[in-house]
Amino acid sequence: MAAPAQLKTGLSTTTKLLGILVAGAAVAVALGVYANAHTPTHEKPYTLFFSGTIQLKVWLATLALVLAGVQLLLAARLYGKLSIPRQAPAWLGDAHRLIGTAAFVVTLPVAYQCLWGLGFQTASTRVLLHGIFGCAFYGVFVIKVLGVRVKGLPNWVLPVAGGLVFAALVAIFLTSSLWFFTSSSAPRPLF
Amino acid sequence: MFRRVVNAIEVLAVVAVAVFIIMLFANEPGSGGAAASSPGGMIFSANCASCHGANGEGAIGPKLAGVVVPAFPNPSDEITFVDHGRGIMPAFATTLSAAQIRDVVDYTRTELGK
């Protein structure tokens, strides 16, 4: 079984580290710039099988968070921080990749709706923070994925980047879905 | 075997990202929106549409199209409401002139939802 393709470079560790940091930052900034520059359409392009666009966003974001929680447990087992099951199965690493990919894909329809339909808003602290966390999430996600692929990085990079991805997702959830679940009557957004 | 499936799914995820980026740029709604032409419409697009939707169909703020006239039978009550705001709805008395508020209120009563 071949390991996932890795990029072998002759660069120094610092250069590689800087490189993935810059790539992540570029993605986060690019999303922010798009969200700010693009004229929000205020349209709801799809609801898939949900009762409305906001429900779609809330439930997909919740699903992503649940999957991310599983990721945290899988990663803890991979690094031997957990010892259940006692024998880590050989497919654990691939399961971590699979669930991570699923969690990421699930966030895309949500982010699309935010970026394309609503854009960067500063109307309230919650909304402002939510936008910042949203951009940061994809930035740290890029750093995490590149951290897996680029060889010869210090071994703290992956756990730290993975932890940040999880933290960003939690922050996004707290400033959106949780608020939605707890504000049953007050003016709730439709998307 | 499992690894191959995961690899294939990762490739699909990359395709999804490509679609995501293309749709961010390619998928612009048609001229849409009743707004623009009239002064009231321009004020609405710039100040109200982000919460009430391009056609007043409601979003963060409630639907306005077709409901403001029954809610405020007297236009001056709606003007007062927009002046002062309520809850999340900001007060506009300091950001828009009295004439602008009159125009935009008029627009919400006559043009939205047409």
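Order of the sequence lines sets the chain letters (A, B, ...), proteins ahead of strands, with each chain counted from 1. Atom set for the values below is all heavy atoms of this structure, side chains included, hydrogens, waters and symmetry mates excluded.
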Check whether B:V17 gets within reach of chain A through its side chain, its backbone, both or neither, counting any heavy atom under 4.5 Å.
->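 Both parts, heavy atoms under 4.5 Å.
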Quick one: CD1 on B:I9 to CZ on A:R97, what's the gap to the nearest 0.5 Å?
->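 Rounded to the nearest 0.5 Å, the CD1-CZ separation comes to 10.0 Å.
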Report the distance from atom OG1 of A:T101 to atom CG of B:L12, rounding to the nearest 0.5 Å.
->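 Separation between the atoms: 10.0 Å.
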Would you say [X] and [Y] are hydrophobically clustered, going by side-chain heavy atoms of ILVMFWY under 4.5 Å?
{"X": "A:V127", "Y": "A:L115", "result": "no"}
{"X": "B:L112", "Y": "B:V67", "result": "no"}
{"X": "A:W156", "Y": "A:L153", "result": "yes"}
{"X": "A:L164", "Y": "A:Y138", "result": "yes"}
{"X": "A:L92", "Y": "A:I84", "result": "no"}

Name the option with the most non-hydrogen atom pairs under 4.5 Å to chain B; the candidates are A:W91, A:Y34, A:F104.
->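 When all of A:W91, A:Y34, A:F104 are compared, A:Y34 has the most.
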Got B:M23 and A:W116 here, is their nearest side-chain heavy-atom distance under 4.5 Å?
->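 No; the side chains remain at least 4.5 Å from each other.
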Measure the shortest side-chain to side-chain distance between A:L98 and B:E10 over non-hydrogen atoms and say whether it is less than 4.5 angstrom.
->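 No; the side chains remain at least 4.5 Å from each other.
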